[in-house]
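Heads up: the structure comes next, in C-alpha coordinates.
Quick note: numbers below take in every heavy atom, side chains included, and nothing from hydrogens, waters or symmetry partners. Treat the numbers as computed from the prediction; the structure is a model and nothing was measured.
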Amino acid sequence: MSRYELRTIDEDNVHDVLAVAVATEQRRFVADVAVSLAEAYVDEAAWPRAIADGGRIVGFVMGGFRPEPPPWWDEGPLDAVWRLNIDAAYQGRGVGRFAVAEVAAEAGRRGASRLTVFYLDGTGGPGPFYDALGFVRDGQMLGDQVVAHLPLS
(Lines give C-alpha, C1' and ligand atoms only; values in the text may rest on other atoms or scores of the structure.)
Protein backbone atom coordinates (compact mmCIF):
# COMPACT_ATOMS: atom_id res chain seq x y z
CA MET A 1 0.00 0.00 0.00
CA SER A 2 1.33 3.42 -0.94
CA ARG A 3 2.01 5.97 1.72
CA TYR A 4 0.82 8.69 -0.65
CA GLU A 5 -2.74 9.67 -1.45
CA LEU A 6 -4.55 12.04 -3.79
CA ARG A 7 -6.81 14.64 -2.24
CA THR A 8 -9.35 17.00 -3.69
CA ILE A 9 -8.13 20.58 -3.48
CA ASP A 10 -10.26 22.66 -1.13
CA GLU A 11 -10.06 25.69 1.16
CA ASP A 12 -8.24 23.64 3.79
CA ASN A 13 -5.28 22.68 1.57
CA VAL A 14 -5.19 25.12 -1.35
CA HIS A 15 -2.44 27.26 0.19
CA ASP A 16 -0.29 24.18 0.82
CA VAL A 17 -0.85 23.09 -2.79
CA LEU A 18 0.12 26.55 -4.04
CA ALA A 19 3.35 26.29 -2.03
CA VAL A 20 4.52 23.20 -3.97
CA ALA A 21 7.75 24.23 -5.73
CA VAL A 22 9.72 22.09 -8.17
CA ALA A 23 13.50 22.33 -8.30
CA THR A 24 14.77 25.59 -9.77
CA GLU A 25 16.20 23.91 -12.86
CA GLN A 26 12.82 22.27 -13.58
CA ARG A 27 10.74 25.46 -13.58
CA ARG A 28 11.12 25.93 -17.33
CA PHE A 29 9.45 22.56 -17.93
CA VAL A 30 6.20 22.96 -15.94
CA ALA A 31 3.74 25.72 -15.11
CA ASP A 32 3.37 26.90 -11.52
CA VAL A 33 0.54 25.28 -9.58
CA ALA A 34 -1.35 28.60 -9.49
CA VAL A 35 -1.49 28.69 -13.30
CA SER A 36 -2.69 25.08 -13.38
CA LEU A 37 -5.44 25.75 -10.85
CA ALA A 38 -6.61 28.77 -12.83
CA GLU A 39 -6.79 26.60 -15.95
CA ALA A 40 -8.67 23.90 -14.03
CA TYR A 41 -11.19 26.48 -12.88
CA VAL A 42 -12.20 27.24 -16.48
CA ASP A 43 -11.85 23.77 -18.04
CA GLU A 44 -14.35 21.12 -16.99
CA ALA A 45 -12.10 18.35 -18.36
CA ALA A 46 -9.44 19.14 -15.75
CA TRP A 47 -8.92 16.81 -12.79
CA PRO A 48 -6.59 18.62 -10.32
CA ARG A 49 -5.44 16.80 -7.17
CA ALA A 50 -3.12 17.43 -4.27
CA ILE A 51 -0.62 14.69 -3.48
CA ALA A 52 -0.28 14.08 0.24
CA ASP A 53 2.17 12.20 2.40
CA GLY A 54 0.24 11.90 5.63
CA GLY A 55 -0.69 15.42 6.62
CA ARG A 56 1.80 17.11 4.28
CA ILE A 57 1.11 18.19 0.70
CA VAL A 58 4.12 17.12 -1.38
CA GLY A 59 2.90 17.59 -4.93
CA PHE A 60 0.23 18.44 -7.43
CA VAL A 61 -1.05 16.47 -10.40
CA MET A 62 -3.67 17.39 -12.96
CA GLY A 63 -5.19 14.94 -15.35
CA GLY A 64 -7.48 15.87 -18.19
CA PHE A 65 -10.20 13.62 -19.54
CA ARG A 66 -11.85 14.52 -22.84
CA PRO A 67 -14.20 11.92 -24.35
CA GLU A 68 -14.65 14.34 -27.26
CA PRO A 69 -11.28 15.50 -28.59
CA PRO A 70 -10.44 19.19 -28.69
CA PRO A 71 -10.16 20.75 -32.16
CA TRP A 72 -6.36 20.54 -32.14
CA TRP A 73 -6.34 16.77 -31.46
CA ASP A 74 -7.38 14.39 -34.24
CA GLU A 75 -6.64 11.07 -32.53
CA GLY A 76 -9.94 10.49 -30.70
CA PRO A 77 -10.54 10.81 -26.95
CA LEU A 78 -7.77 12.51 -25.02
CA ASP A 79 -6.96 11.28 -21.53
CA ALA A 80 -3.75 12.87 -20.35
CA VAL A 81 -1.43 13.96 -17.59
CA TRP A 82 -1.65 17.72 -17.94
CA ARG A 83 0.63 18.74 -15.09
CA LEU A 84 2.89 17.13 -12.54
CA ASN A 85 4.63 19.22 -9.89
CA ILE A 86 6.51 17.40 -7.17
CA ASP A 87 8.01 19.55 -4.45
CA ALA A 88 11.80 19.60 -4.79
CA ALA A 89 12.23 18.22 -1.26
CA TYR A 90 10.17 15.12 -2.17
CA GLN A 91 11.57 14.20 -5.55
CA GLY A 92 13.10 10.77 -5.96
CA ARG A 93 10.73 9.19 -3.42
CA GLY A 94 8.15 7.70 -5.80
CA VAL A 95 5.67 10.58 -5.51
CA GLY A 96 5.57 11.25 -9.26
CA ARG A 97 5.30 7.57 -10.10
CA PHE A 98 2.38 7.28 -7.66
CA ALA A 99 0.62 10.34 -9.10
CA VAL A 100 0.89 9.19 -12.72
CA ALA A 101 -0.36 5.73 -11.73
CA GLU A 102 -3.39 7.36 -10.08
CA VAL A 103 -4.17 9.43 -13.20
CA ALA A 104 -3.82 6.26 -15.30
CA ALA A 105 -6.19 4.42 -12.95
CA GLU A 106 -8.75 7.23 -13.23
CA ALA A 107 -8.42 7.19 -17.02
CA GLY A 108 -8.98 3.43 -16.97
CA ARG A 109 -12.11 3.83 -14.82
CA ARG A 110 -13.38 6.23 -17.47
CA GLY A 111 -12.79 3.66 -20.20
CA ALA A 112 -9.56 4.99 -21.70
CA SER A 113 -7.23 2.67 -23.59
CA ARG A 114 -4.19 4.91 -23.22
CA LEU A 115 -2.86 7.84 -21.24
CA THR A 116 -1.10 10.64 -23.07
CA VAL A 117 1.45 13.15 -21.85
CA PHE A 118 2.82 16.28 -23.52
CA TYR A 119 6.10 17.69 -22.26
CA LEU A 120 8.99 19.94 -23.15
CA ASP A 121 12.14 17.98 -23.90
CA GLY A 122 15.60 19.00 -22.80
CA THR A 123 18.39 18.38 -20.36
CA GLY A 124 16.90 18.01 -16.90
CA GLY A 125 13.40 17.63 -18.33
CA PRO A 126 10.76 15.00 -17.63
CA GLY A 127 11.43 12.79 -20.68
CA PRO A 128 13.47 10.10 -18.89
CA PHE A 129 10.88 9.96 -16.09
CA TYR A 130 8.02 9.30 -18.51
CA ASP A 131 10.17 6.86 -20.51
CA ALA A 132 10.84 4.88 -17.30
CA LEU A 133 7.09 4.71 -16.61
CA GLY A 134 6.52 3.07 -20.01
CA PHE A 135 5.30 6.04 -22.04
CA VAL A 136 6.21 5.64 -25.69
CA ARG A 137 7.14 8.60 -27.85
CA ASP A 138 5.51 8.30 -31.24
CA GLY A 139 7.59 10.98 -32.97
CA GLN A 140 4.67 13.39 -32.93
CA MET A 141 5.06 16.90 -31.57
CA LEU A 142 2.36 19.28 -30.42
CA GLY A 143 3.95 22.64 -30.92
CA ASP A 144 7.22 22.40 -28.99
CA GLN A 145 6.06 19.50 -26.82
CA VAL A 146 6.83 15.80 -27.18
CA VAL A 147 3.78 13.52 -27.34
CA ALA A 148 4.00 10.14 -25.60
CA HIS A 149 1.43 7.48 -24.77
CA LEU A 150 1.08 4.83 -22.09
CA PRO A 151 -1.12 1.88 -23.09
CA LEU A 152 -3.66 1.00 -20.41
CA SER A 153 -4.62 -2.66 -20.17
Membership question, hydrophobic clusters at under 4.5 Å side-chain separation (ILVMFWY): are [Y] and [X] in the same one?
X	Y	result
L150	W47	yes
Y4	I57	no
F98	W82	no
V58	V20	no

Correct closest heavy-atom pair for G125 and P128 would be O-CD, 3.6 Å
For V17 against A50, the heavy-atom pair lying closest together = CG2-CB, 3.5 Å
List for me each residue that meets salt bridge (Lys or Arg N to Asp or Glu O under 4.0 Å) alongside R110, sequence neighbours excluded, and say none if there are none.
-> E106
Return the set of residues passing salt bridge (Lys or Arg N to Asp or Glu O under 4.0 Å) with D121 (not counting sequence neighbours), or none when no residue passes.
-> R137
Connecting only ILVMFWY residues whose side-chain heavy atoms lie within less than 4.5 Å of each other, what is the rest of [X]'s hydrophobic cluster?
X	answer
Y41	V42
V22	V30
V147	W72, W73, L78, F118, L142

CD1 on I51 to CG on L6, rounded to 0.5 Å | 6.5 Å
Just wondering, do [Y] and [X] contact through their side chains at under 4.5 Å, heavy atoms?
X	Y	answer
V103	L115	yes
V146	Y130	no
Y119	V81	no
H149	E75	yes
V14	L37	yes
F135	D131	no

Pairs in or reaching into residues 88-102: which pass side-chain hydrogen bond (donor to acceptor under 3.5 Å, both in side chains), with residues at least two apart or in two chains?
-> Q26-Q91, R56-Y90
For [X], enumerate each residue passing the side-chain contact (heavy atoms from CB on, under 4.5 Å) test, keeping only those at least two apart in sequence or located in another chain.
X	answer
D10	D12, N13
E5	R7, A52
A31	V35, S36, R83
A112	D79, A107, L152

Give every donor-acceptor pair under 3.5 Å between a side-chain atom in residues 60-71 and any protein atom, sequence neighbours left out.
from : atom 1 : to  : atom 2 : distance (Å)
R66  : NH2    : D43 : OD1    : 3.3
R66  : NH2    : D43 : OD2    : 2.5

Within the distance-only criterion (no hydrogens, no angle test), does the side chain of D87 pair as donor or acceptor with the backbone N or O of A89 below 3.5 angstrom?
-> yes
Please list, chain by chain and in numerical order, all residues satisfying ring pair (Phe, Tyr, Trp, His ring centres under 6.0 Å) with F29, sequence neighbours excluded.
-> none
